[in-house]
Amino acid sequence: MAAQEPRAVIRWRRWLTTLVALPPAALALFLLAAWIGSSLPRNADWTPPAAGITIMVETNGIHTGIVMPVNTPVKDWRETFPSAGRPRADGQMPTHVAIGWGEKEVFLHTPTWADLEVRTALRVALQGGDGLMRVGHYVRPAPSEYHRPLRLRPAEYARLVERIEAALPPLAPGETRRTYRSFEPGARNYDALGRYTLANTCNQWVGDTLAHAGIAMGRWTPLAGGVMKWVPEAAVRPRGAISGYDSWVIRLHRVVPRHIRLFSGRVQSPKPYLGA
C-alpha cells in the first residue's frame with residue numbers, strides 16, 4: 001500500500017493551487033464586472049441635437065479621450081491651457097484640444113507598453129496613483145473609428161467644460177499652470193486632481209465626464225471598449241476592406257445589443273504612446 005502524503009503537504013498543495021488560480025480568476029471577475037458596469041446606462045434617453053457643438057471621443061484601444069474645438073462661444077481652451085494657443089512643431093495653430101486623464105507616473109515616465117515595469121503596474125493596480133491631464137493639440141481632426149464625433153447642445157457642452165475644469169487644481173491670482181513634457185508628439189501634461197485606481201481609470205474619467213454633460217454612457221467604464229460602445233462610428237467601413245477582427249466584431253454586433261457590448265473598439269493602437 002502506497003504511503004499517504006502528510007496532511008501538511010496536501011494542505012500546502014491546495015494553497016499553492018489556489019494562489020495560482022487567483023490572478024486569472026480576479027482578471028475574469030474584473031472583466032465581467034466591467035462588462036456589466038459599462039452596460040448599465042446613464043442618460044439612456046439622450047439623443048444628439050440637430051445642431052450644436054461637435055466634439056469627438058477618441059481611443060487607441062486602451063485609452064480614451066475627449067476632443068473639443070479650441071474656441072467656441074461657450075469656452076476658449078487657450079485660457080485654461082496656454083499650449084492650445086501656441087503653434088505646433090509643424091507651424092500650424094491647433095484647432096482642437098484632445099484631453100485625457102491618467103496616472104501621473106505612467107504618463108510621465110512610460111512612453112510605451114514595452115517600457116511599463118512590473119513594479120509600476122503592481123503599484124498602480126494595488127495602490128493607485130495621482131492623476132495627470134494630457135492635452136493634445138490637433139488640426140482639423142477627421143472622423144474615424146478612432147475619433148467618433150458627437151454633437152452636443154450648448155448647455156451640455158458647458159457641463160462638459162465644467163467637469164473637465166473641476167479636475168484641475170485651482171490657481172492663485174496671476175499663477176499659471178505647470179506643464180510637463182509628453183511622450184505623445186505635440187502634447188503637454190498638466191497637474192490634475194483625483195486618484196487613479198482600477199476602479200477609477202482613465203476611461204472611467206472619460207465616461208463620468210461625458211455622463212456629467214448628459215450624454216448616454218455606462219455607469220462603470222474602466223476599459224476603453226466600455227466607453228466607445230456608447231459612441232457610434234461616424235461611417236461604415238467600405239465593403240471589401242473588412243479584416244478578420246472586424247468581421248468578428250460585426251458578427252458580435254449583430255447578436256448583442258449595442259448598449260451591452262464591451263469590446264466594440266479595435267485593440268490595435270493607431271498612436272505610439274501609452275494610455276494610462
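Values in this document were obtained by computation on a predicted structure and should not be read as measured data.
Going from atom CD of E117 over to atom CD of E105 covers 11.5 Å, rounded to the nearest 0.5 Å. With rounding to the nearest 0.5 Å, the separation of CZ in R153 from OG1 in T47 is 5.0 Å. Distance check: M217 CE to L40 CG gives 13.5 Å after rounding to the nearest 0.5 Å. One finds the NE2 atom of H109 at 9.5 Å from the CD atom of E103 (value rounded to the nearest 0.5 Å). Once rounded to the nearest 0.5 Å, the distance linking CG of L132 with CH2 of W101 reads 9.5 Å. Residue R159 holds its CZ atom at 13.0 Å from OG1 of T209, rounded to the nearest 0.5 Å.
Counting only distance, with no hydrogens or angles, the side chain of R163 and the backbone of A213 share no donor-acceptor pair below 3.5 Å. The backbone N or O of G218 sits less than 3.5 Å from a side-chain atom of R42, completing a donor-acceptor pair. Between the N43 side chain and the I215 main chain, a donor and an acceptor come within less than 3.5 Å of each other. Side-chain atoms of T95 come within 3.5 Å of backbone N or O of R140 as a donor-acceptor pair. Side-chain atoms of Q204 never come within 3.5 Å of backbone atoms of T201 as a donor-acceptor pair (strictly under, hydrogens ignored).
You'll find the side chain of T72 reaches within 4.5 Å of the side chain of Y157, heavy atoms only. In this structure, D191 and Y180 have side chains that are in contact, with non-hydrogen atoms separated by less than 4.5 Å. Using a 4.5 Å cut-off on side-chain heavy atoms (C-beta onward), M56 and L150 make no contact. Under the 4.5 Å side-chain criterion, counting only non-hydrogen atoms from C-beta, W77 is not in contact with P69. Between E145 and M228, every side-chain heavy-atom pair lies at or beyond the 4.5 Å cut-off. Side-chain contact between V67 and V57: absent, with no pair of heavy atoms (C-beta onward) separated by less than 4.5 Å. Looking at heavy atoms from C-beta onward, R151 lies out of side-chain contact with I53 at the 4.5 angstrom threshold. Counting heavy atoms from C-beta outward, T80 and K75 have side chains that approach closer than 4.5 Å.
Donor-acceptor pairing under 3.5 Å is recorded for the side chains of R188 and T179. Side-chain N/O atoms of T64 and E58 include no donor and acceptor closer than 3.5 Å. A donor-acceptor pair shorter than 3.5 Å can be found between the side chains of E162 and H212.
In terms of heavy atoms, S182 sits closest to A187 at CB-O, 3.4 Å. The nearest pair of heavy atoms linking N203 to V227 is O-CG2, 3.4 Å. Shown here for W230 and P41, the closest heavy-atom pair between the two residues is CH2-CB, 3.5 Å. Of all non-hydrogen atoms in A224 and G61, the two that sit nearest each other are CB-O, 3.7 Å. Residue P49 comes nearest to W46 through the heavy atom pair CD-CZ2, 4.5 Å, listed as atom of the first residue, atom of the second, then distance. Closest approach of W205 and A167 over heavy atoms only: NE1-CB, 3.8 Å.
Between F107 and H63, the angle of the ring planes goes over 60°, which puts this pair in the perpendicular group of the 30/60° scheme.
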Stepwise side-chain contact (heavy atoms from CB on, under 4.5 Å) test for I164 and M68: CA-CA 11 Å; I164 293 172; M68 298 167 290; 3.5 Å; yes
Test log, rule side-chain contact (heavy atoms from CB on, under 4.5 Å), inputs R177 and L171: CA-CA 7 Å; R177 297 199 179 279; L171 294 178; 3.5 Å; yes
Step-by-step side-chain contact (heavy atoms from CB on, under 4.5 Å) determination, L152 to L160: CA-CA 9 Å; L152 308 185; L160 186 77; 4.1 Å; yes
Worked verdict on L168 versus M133 for side-chain contact (heavy atoms from CB on, under 4.5 Å): CA-CA 8 Å; L168 296 167; M133 190 171 290; 3.7 Å; yes
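Cluster annotation: W220 and L31 are assigned to the same hydrophobic cluster (Ile/Leu/Val/Met/Phe/Trp/Tyr, side-chain heavy-atom contacts under 4.5 Å, transitive).
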Without placing hydrogens or testing angles, list every side-chain donor-acceptor pair under 3.5 Å for residues 81-93, not counting sequence neighbours.
| residue | atom | partner | partner atom | Å |
| --- | --- | --- | --- | --- |
| S83 | OG | H137 | NE2 | 2.9 |
| S83 | OG | Y190 | OH | 2.7 |
| R88 | NE | D90 | OD1 | 3.4 |
| R88 | NH1 | H137 | O | 2.9 |
| R88 | NH2 | D90 | OD2 | 2.6 |
| D90 | OD1 | Q92 | N | 3.0 |
| D90 | OD2 | Q92 | NE2 | 3.1 |

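Ionic pairing of R195 and D130 is present here: one or more N-O contacts between side-chain nitrogen and carboxylate oxygen are shorter than 4.0 angstrom.
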